[in-house]
Amino acid sequence: MTAIQALRGTRDILPDEIIYWQHVEAVARRILNRAAYREIRTPIFEQTDLFERGIGEATDVVSKEMYTFKDRGERSLTLRPEGTAGVVRAFIEHHLHAQGSAQRLWYLGPMFRYERPQAGRQRQFHQIGVEVLGSADPRADAEVIAIATDLLQTLGLKTLRLEFNSIGDRDDRQHYRQALVDYLTPFKEDLDLDSQDRLTRNPLRILDSKDQRTQDILQSAPSMLNFLSPASQQRFEQVQQLLTDLGVSYRINPRLVRGLDYYTHTVFEIQSDDLGAQATVCAGGRYDGLVSELGGPETPAVGWASGIERLILLLQQQPLTGSALDIYLVSRGKQAEAQALRLAQTLRQLDFSVELDLSGSAFGKQFKRADRSGAVLCLILGDAEAETETVQLKWLKTGTQESVAQADLVATAHKLRQRITAEQAAEQPVS
RNA sequence: GCGACCGUCGCCAAGUGGUAAGGCAGAAGAUUGUGGCUCUUCUAUACGUGGGUUCGAUUCCCAUCGGUCGCCCCA
């Protein structure tokens, strides 16, 4: 019988790795909360229609990467491939626009895309994202980007690049698209095959083709930046100015386009050189047309999403110290073992982290495990201690040992706390 | 979806067409209530799975599943 294994492109996150997840989540919560963003949780599956309309039917994500299936009521459902569409749907459905000016929201959760897995890319992956709904102010664009860089910096990630561009409004893009097609059509035979296909389907995406010959041809192609209307141009400059004021460094990349149809004006990506082909760690932009496209009121919006697996891939290049166990409790003998269980529970209620050895094996073996557990203090309960209701405190760092009445230990818990904290600080200078 | 490489114990890893080294981790003991060192012993009827070739395959071939890298695309 062959054991069942996790499906392709999915994986288990085991206890040894979870510390990175908890760290990312804790840092994200802190940063988003202090910027007055509020968490929203939306369903993992939605009507297929939502994504087709929201993301764009011609995009790769929708046309070939969605997990779409029929439920028992013959409804077409899709596991969400990204977070924005669901958030916007909820925003409209619950009339959040009526709650005041801009809604600042964030989310965190699994997304699903049917793709060939490779490093930094899975079929079930996790994103953390923010959306500001209801503000057209360029400061919203700048704020959202600054929060992203703040998050990444606080996580300790270095050598990241912020690429930034404006793709204008719909009219700007329409004009530019035409100009680009006009320019490229004579060269059609010389473009790589994918780009030839994109010439009719999605010409803007030719801009970030990795084919050298295509890139050569693009050298003298018209630039998006020359097709921005005066208003779009002004807005682009304002956001740049604000980013500079905030001390956020960026690089303008006129070739930066995004794969989802809903973007307007500001688009950006934050990339790392340490991730191989999947370099983008955070990406987003403005999407002024999406809310109305999905049946809501005309609502300007801006946001981004970041791939948690990719963040963690980068974080793991620098080790993170684990949360230390306070106490390892060893015991031997019927009465002692029963007391030990109770003592462990009491100490936990006093907020110590306590691991109880359940093996019942020789003390020597139990000490060995105590040592490896990373605990700073070992409590020992044997027949002698059980008889007198005392407990031996053995400080694993120094080997010093003392006997204390169990009742006293509990009564003076704050002193114990102080001493444990001091020991832990001494052995772990880095946090 | 396309191309390439890879798949031997929980982890790392050697190896050969003739029947599976080693290291780490784990368990037991040296040490009947005191750890981090040391020593001893144990831990793969089996080399992702299924077929085929062969007297015989973990080693060759095919398929399949999975991983990695690149393309596509994206977080």
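Lettering follows sequence order; numbering is per chain, from 1.
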Base, sugar-phosphate, or nothing for A:I380, non-hydrogen atoms under 4.0 angstrom?
base
To the side chain of A:R372, which of B:C72, B:G26, B:C74 is closest?
B:G26
C1' gap between B:G7 and B:C47, integer Å:
10 Å
P gap between B:C39 and B:U45, integer Å:
28 Å
In whole Å, measure the gap between the C1' atoms of B:A57 and B:U8 for me.
14 Å
Using atom C1' in both nucleotides, what's the gap between B:U32 and B:A20 to the nearest angstrom?
39 Å
Atom-to-atom span, CD of A:E65 to P of B:C74 - whole angstrom:
7 Å
Nearest-angstrom distance from the residue atom CG of A:L152 to C1' of B:A75:
12 Å
Considering only the P atoms, how many Å lie between B:C69 and B:G15, rounded to the nearest integer?
24 Å
Just grab all the salt bridge (charged side-chain N to carboxylate O under 4.0 Å, His left out) pairs involving residues 76-93 of chain A, residues at least two apart or on different chains.
A:E46-A:R89, A:R89-A:E93
Phosphate OP1/OP2 of B:U68: any A:R121 side-chain N/O under 4.0 Å
no
Return the orientation label for the A:Y114 and A:Y67 ring planes: parallel under 30°, perpendicular over 60°, tilted otherwise.
perpendicular
In whole angstroms, how far is the C1' atom of B:G35 from the CG atom of A:D357?
12 Å
Measure across A:V257 and A:E269 and return the closest heavy-atom pair with its distance rounded to 0.1 Å.
O-OE2, 4.4 Å
Out of B:A4, B:A75, B:C72, whichever nucleotide has its closest atom nearest the side chain of A:R116:
B:A4
B:U41 and B:U31, which share atom name C1', separated by this distance in whole Å
16 Å
Atom P, compared across B:U59 and B:G29: separation rounded to whole Å
41 Å
P atom, B:A21 versus B:U34: distance in rounded Å?
38 Å
Please state whether the phosphate of B:G33, meaning OP1 or OP2, lies under 4.0 angstrom from any side-chain nitrogen or oxygen of A:Q392.
no
Which nucleotide in the set B:C69, B:C74, B:G29 lies at the smallest distance from any side-chain heavy atom of A:R205?
B:C74
